Amino acid sequence: MTAEVIVDIAHSEVDRIFEYRAVDGVEEGCRVKVPFGNRTVDGFVMRLKEGSDYDFSKLKSIERVVDRALTPECLSLVRGISERYRCSKALTLRLFLPGEMRKGAVRELYKTYAVLEDANAPVPARARAQAAALGFLRENPRFGYTELCEKFGRGAVNALAEKGAISLVKERVTRSPYGGVSGESAARTLTPAQEEALRRIGASTRRVQLLHGVTGSGKTEIYLSLIAKTLQEGKSALFLVPEISLTPQMLSQLRARFGDRVAILHSGLSAGEKFDEWWRLRTGEAKIAVGARSAVFAPVENVGVIVIDEEHDGSYSSETNPRYNAREIAAMRAEYNGCKLILGSATPSVETYLKAAEGEYELIELPERINKKPLPEIFIADMRREVRRGNNTAFSAALRDELEACLSQGNQAILFLNRRGFAQSVVCRDCGNVLKCAQCDVSLTYHSEERCLKCHYCGASYKMPSACPECGGVHLSYTGTGTQKVVGELKKLYPSARILRMDVDTTSGKEGHFKILKQFADREADILVGTQMIAKGHDFPLVTLVGILDADMSLHFSDYRSGERTFQLITQVSGRSGRAEEKGKVVLQTYDPENYILRFAVNYDYKGFFRHEISVRRATAFPPFAKIVRVMVTAEEEKRALETLKEVYFSLKELYGEHTGDFLFFNKMHAPVKRIQNKFRYQVLMRIVNEALLPEIYARALQYKSRDVLVYVEENPANLS
Ligand code: ADP
Ligand code: ZN
């Protein structure tokens with residue numbers, strides 16, 4: 001037999017299949033060791049066949065089988081994905097394995113036990129330690145070998161083993177990331193609305209179901225019921241959530257419901273834990289894979305249902321090669337397994353909702369909160385009037401009144417704003433110079449606590465200068481407001497309030513954001529100030545007030561999705577208020593109170609928003625009616641970037657010439673941010689109406705990438721900077 005093998009070599013762009021002689025035990029999907037050049041490398045058996053395209057007698061032999069890492073579905077997906085995104089199969093394969101496993105850095109963890117075999121084994125009179133150990137084992141007939149040696153000495157324990165009084169057995173242990181939570185609790189009684197939603201999902205013949213339910217409508221319970229049903233049928237399940245929603249509370253809820261049958265894949269796990277969780281899924285010991293974007297590659301077989309919560313979330317798009325979208329991979333997997341894909345959200349992406357409205361997806365709606373609890377009322381505060389009245393703080397009078405009332409009743413408040421740090425940027429009032437990062441073409445943000453300037457693109461940090469580096473002027477001023485500044489102002493207004501801040505700067509470390517969320521949930525603070533991070537699915541029963549400090553911020557980005565993002569953000573943040581008994585309120589501050597997006601958001605009018613938005617997109621031919629494709633060319637040497645850009649451009653221009661009617665836009669230019677981390681950035685930007693051109697665009701663009709020039713293709717990029 002001949003094995004077609006993909007070798008896993010670092011930094012290799014070679015996408016070749018190599019043939020080896022199969023040895024006993026080799027199957028399709030096996031990870032194997034193969035000779036390659038003069039070393040031994042890892043490889044994956046993609047296919048077994050009779051005979052060879054080459055001279056069989058000259059083929060080298062596989063050295064040995066490491067394990068059966070890949071499922072048949074994985075082999076099929078690897079082909080599909082590498083074709084779809086034009087990346088090598090070796091690179092695609094890496095998506096399917098935890099990185100630590102590939103590098104061989106983690107192994108199964110074994111523990112050796114001493115097991116009592118002969119309690120009356122003869123022990124020489126002088127061997128006191130042996131006698132003591134034997135006596136101890138009569139009480140504890142199975143005990144850790146290492147621990148036993150620590151107590152009685154290695155010599156004594158080994159002597160007992162030699163004469164057969166004890167045997168030493170090696171057992172596999174799994175590293176558990178759960179810290180002791182387990183048990184399998186019963187499901188709660190569903191509300192009639194939840195029952196009806198489940199019934200409709202069950203009855204539908206459509207592959208994809210959109211569950212559009214307002215915040216707090218009980219979507220999670222529906223997901224769990226679907227998963228439970230799938231398990232009963234002997235199948236497995238995939239459950240994807242945004243990284244930020246993978247809170248310890250959420251995980252323990254899942255553990256309480258499904259016990260050991262859940263495995264969690266997320267970046268907070270140690271390498272060993274990841275490895276073990278992954279194998280529990282691969283062997284079928286665990287049947288429910290839960291995790292963020294990359295969990296879509298979980299090695300479960302015979303999948304009965306796939307759930308993607310907060311389907312609109314940007315984190316489902318990968319920003320490294322291959323630039324896949326987890327929704328798309330999930331759809332491939334649903335197709336392969338013949339199972340349903342459930343997309344859930346309070347604010348579905350316009351693209352998804354259009355498919356539901358047109359009947360391609362089943363649309364299931366939950367328009368009310370559990371127990372008909374009202375959605376919080378949203379009040380608009382006109383910040384132009386505040387400025388006219390001479391209020392230069394970040395808080396409107398309305399928000400201050402509400403904050404006072406909220407705090408005096410012993411409730412909690414969340415204040416949301418889009419910008420971290422203290423001030424957006426530092427400007428010289430003498431020459432107008434804005435302080436910029438030396439490696440990136442972006443302005444720096446002032447951070448008051450560290451008294452430094454930070455680049456939010458590359459993370460570089462600079463000492464705050466005392467004078468303008470351009471003109472030497474000393475009148476440097478701050479513009480805009482960030483989380484640090486808001487906290488400072490709050491402390492002055494409410495000296496006794498306990499305030500927590502949650503943004504990229506305060507959540508570093510493995511469990512940084514869990515800690516802050518837990519402190520807030522445990523009532524160790526009255527006010528939580530934060531960025532996007534606080535918008536997602538957290539359930540804080542005591543929060544009765546949400547303040548949105550700068551609702552306009554995201555509206556004025558020059559991105560076709562800014563309206564959609566703003567609507568989503570307002571709805572999601574507002575959903576944090578009034579989740580328990582007490583009614584919630586939201587104060588939304590804006591300089592643009594007439595804006596239609598804000599009007600729809602205030603009335604929780606998703607359909608109104610959708611109708612408006614989709615008509616704008618249709619009229620302007622933006623996604624989902626066209627696709628924006630950007631080919632990025634970046635290099636440290638500007639000259640090399642430009643040379644490559646020209647080649648890419650001319651090759652694509654040829655395509656453009658042949659299919660002019662399929663292009664709405666075609667141009668090459670500087671990327672809006674000209675340099676990031678010392679790399680110059682150029683782009684060819686296109687808007688196309690015929691997706692069949694995509695493979696050709698990928699092929700033409702990617703042929704020019706080289707050691708020193710990076711070339712990659714983005715589809716509808718979340719960030720056009
Ligand atoms: P969503 O995911 O739609 O925002 P959740 O699933 O978080 O909503 O549910 C909102 C709240 O309602 C949660 O506190 C949840 O525990 C509760 N809940 C959900 N289903 C039920 C039910 N059938 N009976 C009672 N409470 C429920
Ligand atoms: Zn920078």
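All ligand and atom numbering here is 1-based and tracks the order in the structure. Values below: all heavy atoms of this structure, side chains included; hydrogens, waters and symmetry mates excluded. Source: prediction; values computed, not measured.
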Specify the closest pair of heavy atoms between V290 and A295, including all atoms of both residues, with the distance to one decimal.
C-CB, 4.3 Å

So which heavy atom on R333 is nearest to which on V303, and how close?
NH2-CG2, 4.1 Å

Got a salt bridge between R84 and E328, using NZ or NE/NH1/NH2 to carboxylate O under 4.0 Å?
yes

By the definition side-chain hydrogen bond (donor to acceptor under 3.5 Å, both in side chains), identify the one residue from R327, K355, R561 that meets it with S349.
R327

Sequence neighbours excluded, the answer for side chain to side chain contact (heavy atoms under 4.5 Å, CB included) partners of P541 is A580

Between the protein and ligand 1, are there any N or O atom pairs that come within less than 3.5 Å of each other, and if so, what are their names and distances?
unit_1: ligand 1; atom_1: 2 (O); unit_2: T220; atom_2: OG1; d: 3.2
unit_1: ligand 1; atom_1: 3 (O); unit_2: S217; atom_2: N; d: 3.2
unit_1: ligand 1; atom_1: 3 (O); unit_2: S217; atom_2: OG; d: 3.3
unit_1: ligand 1; atom_1: 3 (O); unit_2: G218; atom_2: N; d: 3.1
unit_1: ligand 1; atom_1: 3 (O); unit_2: K219; atom_2: N; d: 3.0
unit_1: ligand 1; atom_1: 3 (O); unit_2: K219; atom_2: NZ; d: 2.8
unit_1: ligand 1; atom_1: 4 (O); unit_2: G216; atom_2: N; d: 2.7
unit_1: ligand 1; atom_1: 6 (O); unit_2: T220; atom_2: N; d: 3.2
unit_1: ligand 1; atom_1: 6 (O); unit_2: T220; atom_2: OG1; d: 3.0
unit_1: ligand 1; atom_1: 7 (O); unit_2: R579; atom_2: NH2; d: 3.3
unit_1: ligand 1; atom_1: 8 (O); unit_2: G218; atom_2: N; d: 3.0
unit_1: ligand 1; atom_1: 14 (O); unit_2: D539; atom_2: OD2; d: 3.2
unit_1: ligand 1; atom_1: 16 (O); unit_2: R188; atom_2: NH2; d: 2.6
unit_1: ligand 1; atom_1: 20 (N); unit_2: Q194; atom_2: NE2; d: 3.0
unit_1: ligand 1; atom_1: 23 (N); unit_2: T189; atom_2: O; d: 2.8
unit_1: ligand 1; atom_1: 23 (N); unit_2: Q194; atom_2: OE1; d: 2.8

Could you check, using the six-membered ring where one of them is a Trp, whether F297 and Y324 have ring centers closer than 6.0 angstrom?
yes

